[in-house]
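See structure below.
The sequence lines fix the lettering, A, B, ..., with proteins before strands; numbering per chain opens at 1. Side chains are part of it too, since the values below use all heavy atoms of this structure and drop only hydrogens, waters and symmetry mates.
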There are 2 protein chains.
Amino acid sequence: MRDVAALAGVSLKTVSRVVNREAGVSPDVTARVERAVAQLGYRHNLAASNLRRAHGRSAMVGAVLQDVSNSFSASLLRSLEDEARDRDVAIVASSLDEEPERERSIVESLVRRRVDGLLLVPATERQDYLADDLRNGLPVVFVDRRPQGVDTDSVTVDNGLGARLAVDHLVAHGHRRIAMVGDMPTIQTARARLEGYRSALRHAGVEPDPDLAAMSVRSSDDAVAAVYRLLDLDDPPTAIFAARNSLAVGAIRALHQRGLAGRVALVGFDDFPLADIVDPPLTVVRQNVRTIGAEVAKRLFARIDGDTSAPHHVVLTPELVVRGSGEIRP
Amino acid sequence: MRDVAALAGVSLKTVSRVVNREAGVSPDVTARVERAVAQLGYRHNLAASNLRRAHGRSAMVGAVLQDVSNSFSASLLRSLEDEARDRDVAIVASSLDEEPERERSIVESLVRRRVDGLLLVPATERQDYLADDLRNGLPVVFVDRRPQGVDTDSVTVDNGLGARLAVDHLVAHGHRRIAMVGDMPTIQTARARLEGYRSALRHAGVEPDPDLAAMSVRSSDDAVAAVYRLLDLDDPPTAIFAARNSLAVGAIRALHQRGLAGRVALVGFDDFPLADIVDPPLTVVRQNVRTIGAEVAKRLFARIDGDTSAPHHVVLTPELVVRGSGEIRP
DNA sequence: CATTCTCTTGACAACGTTGTCACAGCGCGG
DNA sequence: CCGCGCTGTGACAACGTTGTCAAGAGAATG
């Protein structure tokens, strides 16, 4: 900037004015400065500008997701980005792979970078560590899981209801031996889905069989193994509720490998791009990611713009998408 | 920081030393400062620190992708992130949806933010606009497409070879009427795949029929329509080469809807997570995204660390993954 | 006891910007 | 011809840090 000023024969402040398109600079000075900018390849430094101007705001938001390469996280990121683009806000994306320590270190590093707000899909049990930053006015919107130990905005779906939709559907198609494959019960959503599964069974007059609830299943490969074990039981299930999309994928693989695709009913939780063309087409409980993403972006930017109302907790309703795999009879 | 210094009864510089864990501060001063930091909830400002210290480097890299929500972009982002994490480098992710103007504006905004390097999957025909920044030492690694008009690192796959692998495979299974569904020919990779398709046909002694090359197909829905048109020809194809993963998905849908799944052969370009459990399991030409991502990260961080050797152009070899849909006979 | 050295600490300027204020030049009305 | 307001421009300090240097307090040395 100093060089531009020298070359154009003006002061620093005048270059600043031209670069920021402030009114009140004569046309010929403007032209001279612009020529110098082009000639020297000068680039305005946003970090310095924000330091001086915006009292440390950075025009960035952080997205702290489970794994940017899974379709749920990626779609969420994309929704947020679409909203952010209009405001010239950049998005810093991180994956935490369900690891609590990583969550804390990522959040710490984003706060150091003075992001203007945070989208957070937490892996920690409690988020008391955020209390200071929240008090200092950092906008944080939780997604998929409710905050524990602090109170701030959240956008979640009713996981218990979703699980009940799935199980009710299977019951309505004549099933009694219904298994569940779920993630670690320490994860809030996994726990809520397990509860929903049990309560739907009881409601149907079926006492939940602990042998049929395969929990702590983490990956698609784990799900294959878990489904094998379920199928090897003396009294195997006639239907499976797979409580996360990658677990449903594992379940499909396992059924294929056992030659049981189309014989054992299957309902997944979370839709994914190709669920309609797998074999058989997968019936799922869908949470509308676009809606979630839009809601999150709306809350986050409202807070950034100064909304100080009480925390909003938006709970969206999942819906059942019938495609075939869930309508197989025992 | 001023407040921390006052509370601890030390100078600004001493707080800075403690915060940066510099040696040579007495234990009791360190303790006093740390107490003050905790008490006031002080957060070190990385932007200001970098401004002063790193001569404007930001410990951020930009990832300019086609669409963070598609699986190729998302996996690439994830590979880069894994590398970046160790170095405490944050990633700013953006989608450009194949729009050239957006590419320029995104790159401009990232340069203003003084990212230390750029991963770029370009949508523009030529990237001369980068010349100034490259000359100023901005590390840029192109992915999936080679730079045009400027010379800098790139990591690509041999698209012509990939297309030939696909078509040769179909020819080997007895096909002569082989259609292609491809993206806009203005896109470098789409063009290379079209060339590969044609050259493989000629090599097999088949003159390419222009009616069978459906180009400028953008989305999965477009692909459904394009496949319908192909199937409605007087002399319809017995096999289809779908030159991008979402086009393969559209092709599968179209074949299902016409009751021709399992009757018409199909080979896709780009693998995707569920290609093995769609019906029939999809034979694809795979570009190994993990390898690409790792290679990109390696180049980018080498440049950031000061490697000034001549631009590297890494060309990876795609491979055919046989699963069923490509082995159907006419 | 004077001198040198080591160890801590702090004052100051600088990183690249911009908000604030002041000032020069000009035209205009009285 | 004087004072006024308006327009365009620049000097300076400040944003939150840290590199540089210097200085004070002891400790070690002769």
Distance-only donor-acceptor hits, side chain of residues 33-40 of chain A, under 3.5 Å, sequence neighbours excluded:
none

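- In terms of the side-chain hydrogen bond (donor to acceptor under 3.5 Å, both in side chains) criterion, A/Arg57 has no residue partners (sequence neighbours excluded).
- The phosphate of D/dT7 (OP1 or OP2) has no side-chain N or O of A/Ser26 nearer than 4.0 angstrom.
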* Can you check side chain to side chain contact (heavy atoms under 4.5 Å, CB included) on A/Val143 and A/Ile292, steps first, answer last? -> CA-CA 8 Å; A/Val143 184; A/Ile292 297 177; 3.7 Å; yes
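- Distances shown here put every side-chain N or O of B/Arg52 at or beyond 4.0 Å from the OP1 or OP2 atom of C/dA14.
- Summary for the helix from C/dC1-D/dG30 to C/dG30-D/dC1: the axes at its two ends, each from 5 pairs, differ by 60° when rounded to the nearest 10 degrees.
- In terms of the side-chain hydrogen bond (donor to acceptor under 3.5 Å, both in side chains) criterion, residue partners of B/Arg145 (sequence neighbours excluded) are, by chain and number, B/Glu98.
- Residues passing the side chain to side chain contact (heavy atoms under 4.5 Å, CB included) test with A/Ser73 are A/Leu65, A/Gln66, A/Asn70, sequence neighbours excluded.
- Under 4.0 angstrom from either OP1 or OP2 of D/dG16 there lies at least one side-chain N or O belonging to A/His55.
- Residues of residues 10-21 of chain B having a heavy atom closer than 4.0 Å to DNA chain D, listed by number: B/Leu12, B/Lys13, B/Ser16, B/Asn20.
- Contacts of B/Glu99 classified as side chain to side chain contact (heavy atoms under 4.5 Å, CB included), with partners at least two apart in sequence or in another chain: B/Asp97, B/Arg102.
- Residues satisfying the side-chain hydrogen bond (donor to acceptor under 3.5 Å, both in side chains) test with B/Asp270, not counting sequence neighbours, are B/Gln287.
- Side-chain nitrogen and oxygen atoms of A/Arg53 include at least one within less than 4.0 Å of the OP1 or OP2 phosphate oxygen of C/dG19.
- Applying the side-chain hydrogen bond (donor to acceptor under 3.5 Å, both in side chains) rule to A/Thr30 yields no partners; only residues at least two apart in sequence or on another chain are considered.
- Nucleotide D/dT18 holds its P atom 17 Å from the CZ atom of B/Arg57, rounded to whole Å.
- For B/Arg114 and C/dT17, the CZ to C1' distance is 11 Å, given to the nearest whole Å.
- D/dT18 atom C1' lies 8 Å from atom CD of B/Glu22, rounded to whole Å.
- Of the possible polar contacts, none joining the B/Arg112 side chain to the A/His44 backbone as a donor-acceptor pair under 3.5 Å is found.
- A/Asp307 is linked by a side chain to side chain contact (heavy atoms under 4.5 Å, CB included) to A/Arg299, A/Ala302, A/Arg303, A/Ser309, counting only residues two or more places apart in sequence or in another chain.
- Counting only residues at least two apart or on different chains, no salt bridge (Lys or Arg N to Asp or Glu O under 4.0 Å) pair has a member in residues 45-54 of chain A.
- Within residues 35-49 of chain B, no residue has a heavy atom under 4.0 Å from DNA chain C.
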